[in-house]
Amino acid sequence: MGRAFNALRGHAAAVDAEELLQEVPLRGGVTRERGGAADARHAAPHLDLTLPGYRRPLGSVHPVTRVMREIEDIFLGLGFSIESGPEIESVYYNFDALNIPESHPARDDWDTLYVNSETVLRTHTSPVQIRAMEKHGAPLYILCPGKAYRHDNPDSTHATMFHQVEGLAVDTDISFADLKGTLDYFAKKFFGDTIKTNLSPSFFPFTEPSGELAISCVFCGGEGCRVCKESGWVEVMGCGMVHPEVLRHGGIDPERYSGWAFGLGVERFAMMKYDINDIQLFHQGDVRFLEQF
Ligand code: 2NL
């Protein structure tokens, strides 16, 4: 059996080599004749085997990966660790543990991609944070970058798959001021020292109080333009103090610990940083787009 196999392998190798040789175009218009070793020796003077091989074109880091790494580096510098988790997630971790009520529209078939009645493609990276709270307890300083999925119709600002980065800090005496200061520091590191930040009230079921962070428009410097709808500000992420119920679901005592969290869309950050107007470009693999980064 082994001998027969070896014979077969030898035969296959010979065929492959010959076929490969036929495909490689010769330099300097040298013709190659089909034949055995004698013919190959005959052609040898024309075939310079010391010439370097064909180089494969080198790719580059995808802009979404690049922005994700930039965000990771800023938070690694602040002492956060990176956590990851499953993209196919239970309804419990994706919704229930995050205090998202049964009746919430985000649970709808038209917003969430269900695998079955108990399983979804995660709609955000928050479930990773619940799992991390369960696994490590407090104190906890983590960043959760990864893919998220929504049942959206694709257009220039929506994609079925996109990337999120969520951050979570849980410790004794964590305050809203810590959140404000950290996000201002982060936004200035990412967008540049000249931008200003503005925090305004919002609502999420998993944070209380909740906020939206806006930055002064990177296109007009806050003067007012089409991008910022003449307001001078662009909303960039949601945030807030972790809801006590959510800490409890993570196995953390809300009487002893408090925490803040935020979530942002990586494609949106990349679009703002590199002045890109269509989210679809990130996922089409067009080299003419990708080679610009
Ligand atoms: C948005 C809003 C947000 C969070 C994400 C979070 C996670 C846990 C507990 C509490 Cl485990 N909060 N994440 C908090 C506020 C906002 O994302 O608009 N993202 C694109």
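First listed ligand is number 1; within each ligand, the first listed atom is number 1. Please read all numbers here as calculations on a predicted model, not as lab measurements. Just the heavy atoms: all of them, side chains too, but no hydrogens, waters or symmetry mates, feed the values below.
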May I ask whether [X] places a heavy atom under 4.0 Å from ligand 1?
X: Leu168; answer: no
X: Glu212; answer: no
X: Glu166; answer: yes

Quiz item: Are Thr157 and Asp155 linked by a side-chain donor-acceptor pair shorter than 3.5 Å?
Solution: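 Looking only at side-chain atoms, Asp155 and Thr157 do form a donor-acceptor pair, the distance falling under 3.5 Å.
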
Practice problem: Give a yes-or-no answer on whether the side chains of His163 and Glu267 include a donor-acceptor pair shorter than 3.5 Å. | Solution: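 Judged by distance alone, the side chains do pair up.
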
Would you call [X]-[Y] a salt bridge at under 4.0 Å N-O?
X: Glu70; Y: Lys273; value: yes
X: Glu245; Y: Arg248; value: yes
X: Asp286; Y: Arg288; value: yes

Practice problem: Would you check if the distance from the ring center of Phe191 to the ring center of Phe269 is below 6.0 Å? | Solution: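 Yes: the rings meet the under 6.0 Å criterion.
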
Quiz item: For the rings on Phe75 and Phe262, is their centre-to-centre separation under 6.0 Å?
Solution: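 They qualify: ring centres under 6.0 Å apart.
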
Can you name the atoms of ligand 1, numbered from 1 with element, that are less than 4.0 Å from a heavy atom of [X]?
X: Thr207; result: 10 (C), 12 (N), 14 (C), 15 (C)
X: Val246; result: 9 (C)
X: Leu98; result: 8 (C), 11 (Cl)
X: Gln164; result: 19 (N), 20 (C)
X: Gln129; result: 7 (C), 8 (C), 11 (Cl)

Exercise. Measure the acute angle between the ring planes of Phe289 and Phe293, then classify it against the limits of 30° and 60° as parallel, tilted or perpendicular.
Key: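 Correct class here is perpendicular.
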
Self-check item: N/O separation below 3.5 Å, Gly263 to ligand 1
Solution: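 Right, the criterion is met.
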
Practice problem: Do me a favour and list the nearest non-hydrogen protein atom to atom 10 (C) of ligand 1 with residue, atom name and distance? | Solution: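 Nearest neighbour among protein heavy atoms for atom 10 (C) of ligand 1, to 0.1 Å: Phe206 O, 3.4 Å.
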
Practice problem: Measure Cys239 to ligand 1 on non-hydrogen atoms and call it side chain, backbone, both or neither using the 4.0 Å cut-off. | Solution: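 The answer is the backbone of Cys239.
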
Self-check item: Location of contacts on Phe204 toward ligand 1, heavy atoms closer than 4.0 Å
Solution: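 Side chain only.
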
